Structures are given as structure tokens and as C-alpha cells.
Visitor: 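Sending over a structure as C-alpha cells; questions will come in a sec.
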Number of protein chains: 2
Amino acid sequence: MDKKINAKLKENNYKLTEQREAVLEVMMDNRGKHLSAEEVLQEARRKLPNIGMATVYRTLEKLASMNILYKTMFEGGKFRYELSDDESHRHHHIVCLKCGKIYEVEEDLLNGLEKKLENRGFEIVDHELKFYGYCPECRNSSTK
Amino acid sequence: MDKKINAKLKENNYKLTEQREAVLEVMMDNRGKHLSAEEVLQEARRKLPNIGMATVYRTLEKLASMNILYKTMFEGGKFRYELSDDESHRHHHIVCLKCGKIYEVEEDLLNGLEKKLENRGFEIVDHELKFYGYCPECRNSSTK
DNA sequence: ATAATATTAATAATCATTATCAAAAAATTC
DNA sequence: GAATTTTTTGATAATGATTATTAATATTAT
Ligand SMILES: [Mn+2]
Ligand SMILES: [Mn+2]
Ligand SMILES: [Zn+2]
Ligand SMILES: [Zn+2]
């Protein structure tokens, strides 16, 4: 169990039941991947065969609200979750229009734009950016 | 009926039935707003009381695929549609976390970031950016 | 006009997510 | 530590936006 995560759980006095621990472990075992609730359920059942889907949804929701997870809507109208290692700033995504793979973009060029918006009187607390295109592998292959 | 739109419809030899015309008119009457399919249906029924919801969905989908409309997923897992006046580049949104209003951001600072990604071997064809925060009116009011 | 094609409206199906609720587990009180 | 309150869970039902199906209607080609 990661130190930071543990601290956050305590800070929100979040009781670590075996179900919640299973979900957290699944997310930690899949660092860098973007899992749907269904996928999390399947993996969690390998550790805890009787865990229910409502519990998985509840737990993911709670962990996301503590910023331990990122919750992002991708194509297909389905949320996906990932461990948020760097809590300070949300990262971005490139979605390949051919293979569907999701790549990370760590660069952040949005600070300038956020400042402009604050000059207009807004207070920006979060943002979400997605690029759509072709990944290096798919770019050259015959059929787009 | 707008000139550009008419041209696009012809170019895709899209037959303008009265249902499709009703949907288009609703979108043109609501320039600048972001309507859900349900809202479009309601407005369209004021012009054409028997239009069906499946037809509205089909028409919105078709118009979006011709880039006459933008289709964007907002909070609540619901798509919203708006007339796309400037076809060249997608604009962005600020969603107020209190009142839910959607504001437009015309600035585009993403070209630099897209170039970086192209240096990595990606081919970027689209992007989508949303900011979340508080609008000027809500920023100062008592309860956030 | 006849036949082929396209479009429509009503309705059923889908599917991710949320709500409900009674049982089980954990924490508190006495 | 037993009784009681609170929290959490799992099964299942409900929701709600979107999509698929289908038979009727309108349009176009022959
Ligand atoms: Mn990611
Ligand atoms: Mn807009
Ligand atoms: Zn790819
Ligand atoms: Zn506001």
C-alpha cells in the first residue's frame, strides 16, 4: 500500500474493508491502464469472488472523490478509472481512432489559457483534455 | 437557411425532409446554446408535432457527422449539440460547477501541444477540452 | 402505374450506472 | 460482553440516454 494513498484514506477516515482493499489493489496492479468498472469488478473477483458490482461502483466513486483515482469518460459512453499518482495536475489523453489505445500526455500547456480565463472573471478548478488521432503504429498501417 | 450549411447538405446529397428541416431550424434558432436531444425534440415538436425521437437522434447524428453540428459529452453523461459556425477548429468550454452554465472559449493554445505530439509520431485530427470552475456570477455568491 | 429505395414513428432492446433494501459486519453504548 | 446503533455490503430492480427493429409511408426510378 502506497504511503500517500494511506495518508489520504486516514485523512478522510475511510475504513479499509477487504472489498475496498481489493479494488485498491486492482488499481495499483494496473497502474497506467484505464479500467472500466466492469473490468475492475472482474479483477477484484479474482481476489474476492463474492464482491458485488454495486460495491465496486461505490468504491470507485469514493476513491475518485478523494482524488486517489481519476475518473474519465472516453468513447463508448463509459467511465474509466486510473490511479492518480500525481495529484497536483490532471494529465491528458490521446485516443487512437484506429486501435482505440489510450496514451498519456504529461505536458501541460494550459496554464496560460487558464490565466486568460481568470482575467475574464472565472475561477478554474479543473480541466480535461483529449486528443483524437492515430498512434505511431496505426499511422502507417494500410487501413485507417 | 445558411449558405454554407445548404452547400454541405447538397455536397452530401442529403434530402431535406420536413423533419430534418425542423431539427435544423431548431439548431439555428438556438445558436450558441448547447441542446440535448430531448430538448431538440421538444422544440422540434412545436414546429412538427408528430416528429419522433428516433428521427431526431438520427438527424442530429447525421448533421454531426457532416460537421454541421458539434456533438459534445457534458456532465450527466449526456450529449449536447450546437451549430458549428466555424468548421475549421473546435472550440472549448467552461462549465460552471455551481450554475451549470456552459461558456465558450474561442482561444486556442493547443497548436503547440499538438506539434509536440506529432513529433512523437502521432497524427492528431481532433481534440476536446473542457474547463470546470466558477463563472463570474457564481464566484462571488455566498454558497459554492 | 409499378417496383425499388429511403425515411419515418412507435416501440422494444440495450447497457452503464444508480437506487433500494434487507442481511451482515463493525462500532458504540450500557 | 450483550444490546443497540451505524456502516457496509450484495442482490436485484429501476433509471435514462441511446440504439435497433419494424411495419407503414413517402419518394424516386423504371
Ligand atoms: Mn491517463
Ligand atoms: Mn460550444
Ligand atoms: Zn493505434
Ligand atoms: Zn455559474
Side-chain angles (χ1 to χ4, degrees), chain A residues 9-27 34-66 68-82 95 100 102, chain B residues 9-27 34-66 68-82 95 100 102:
Chain A
L9 294 174
K10 272 201 184 124
E11 169 188 329
N12 292 69
N13 43 302
Y14 186 72
K15 276 159 250 172
L16 203 54
T17 63
E18 54 181 352
Q19 289 87 345
R20 290 166 177 177
E21 197 161 16
V23 169
L24 253 174
E25 275 175 23
V26 167
M27 297 314 295
H34 304 80
L35 302 178
S36 66
E38 191 61 38
E39 288 164 347
V40 174
L41 175 65
Q42 279 184 24
E43 286 306 301
R45 283 211 163 133
R46 301 181 56 199
K47 295 169 190 279
L48 207 65
N50 292 322
I51 190 172
M53 98 163 65
T55 302
V56 168
Y57 271 103
R58 270 187 303 245
T59 305
L60 290 173
E61 198 53 41
K62 207 75 188 285
L63 293 175
S65 81
M66 291 190 222
I68 290 170
L69 302 181
Y70 280 155
K71 178 185 179 187
T72 314
M73 162 84 65
F74 289 99
E75 303 304 85
K78 202 192 270 202
F79 286 105
R80 293 187 167 273
Y81 303 81
E82 65 178 310
V95 183
I102 299 165
Chain B
L9 294 174
K10 273 202 183 123
E11 170 188 329
N12 292 68
N13 43 301
Y14 186 74
K15 276 159 249 173
L16 203 54
T17 62
E18 53 181 353
Q19 290 85 345
R20 289 167 178 177
E21 197 162 15
V23 169
L24 253 174
E25 274 177 22
V26 167
M27 297 313 295
H34 304 79
L35 302 179
S36 67
E38 191 61 37
E39 288 164 347
V40 174
L41 175 65
Q42 279 184 23
E43 286 306 302
R45 284 212 162 132
R46 300 181 55 198
K47 296 170 190 279
L48 207 66
N50 292 321
I51 190 172
M53 100 162 65
T55 301
V56 168
Y57 270 104
R58 269 186 304 247
T59 304
L60 290 172
E61 198 53 42
K62 208 69 186 292
L63 294 175
S65 82
M66 293 188 222
I68 290 171
L69 302 181
Y70 281 153
K71 179 185 179 187
T72 313
M73 163 83 65
F74 288 99
E75 302 305 86
K78 199 192 274 200
F79 286 106
R80 293 185 168 272
Y81 303 82
E82 65 178 309
V95 183
I102 300 165

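Because the structure is predicted, anything quoted here is derived from the model rather than measured. In the text below, chain A, chain B and the rest are named by the order of the sequence lines, each starting its count at 1.
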Visitor: Strictly below 4.0 Å, heavy-atom distances to any atom of DNA chain C: list the hits from residues 37-55 of chain B, or just say none.
Guide: Asn50(B), Ile51(B), Gly52(B), Ala54(B), Thr55(B)
Visitor: Could Glu39(B) and Arg80(B) be called an ion pair, given the rule that one side-chain N must be under 4.0 Å from one carboxylate O?
Guide: yes
Visitor: Between Glu61(B) and Arg58(B), does any side-chain N to carboxylate O distance fall below 4.0 Å?
Guide: no
Visitor: Under 4.0 Å between a side-chain N or O of Arg58(B) and OP1 or OP2 of dT7(C)?
Guide: no
Visitor: Roughly how many Å is it from CG in Leu60(A) to C1' in dT18(C), rounded to a whole number?
Guide: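 Taking atom C1' of dT18(C) as the reference, CG of Leu60(A) is at 14 Å.
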Visitor: To the nearest angstrom, how far is Glu18(A) atom CD from dA25(C) atom P?
Guide: 9 Å
Visitor: Rounded to the nearest 0.5 Å, what's the gap from CE on Met73(B) to NZ on Lys78(B)? Could you check?
Guide: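 That separation rounds to 11.0 Å.
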Visitor: So if I apply the side-chain contact (heavy atoms from CB on, under 4.5 Å) rule between Glu21(A) and each of Thr59(A), Leu16(A), Val26(A), Leu48(A), which one comes out positive?
Guide: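 So the option named by the test is Leu16(A).
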Visitor: Write down the distance between OH (Tyr57(B)) and C1' (dT11(C)), rounded to a whole number of angstrom.
Guide: 15 Å
Visitor: Would you indicate whether the side-chain heavy atoms of Lys15(B) and Arg20(B) approach each other to under 4.5 Å?
Guide: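 Side-chain contact under 4.5 Å: yes.
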Visitor: With a 4.5 Å limit on heavy-atom distance, are the side chains of Leu9(B) and Leu63(B) in contact?
Guide: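 Yes. Closest side-chain heavy atoms under 4.5 Å.
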Visitor: Mapping Gly76(B) and Lys15(B) onto DNA chain D by nearest heavy atom, which one lands closer to the 5' end?
Guide: Gly76(B)
Visitor: For residues His34(B) and Thr72(B), determine if any side-chain heavy atom of one lies less than 4.5 Å from a side-chain heavy atom of the other.
Guide: no
Visitor: What range of DNA chain D does chain B touch, first nucleotide to last, counting atoms under 4.0 Å from its heavy atoms?
Guide: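 Nucleotide range with atoms under 4.0 Å of chain B: dA17(D) to dA20(D).
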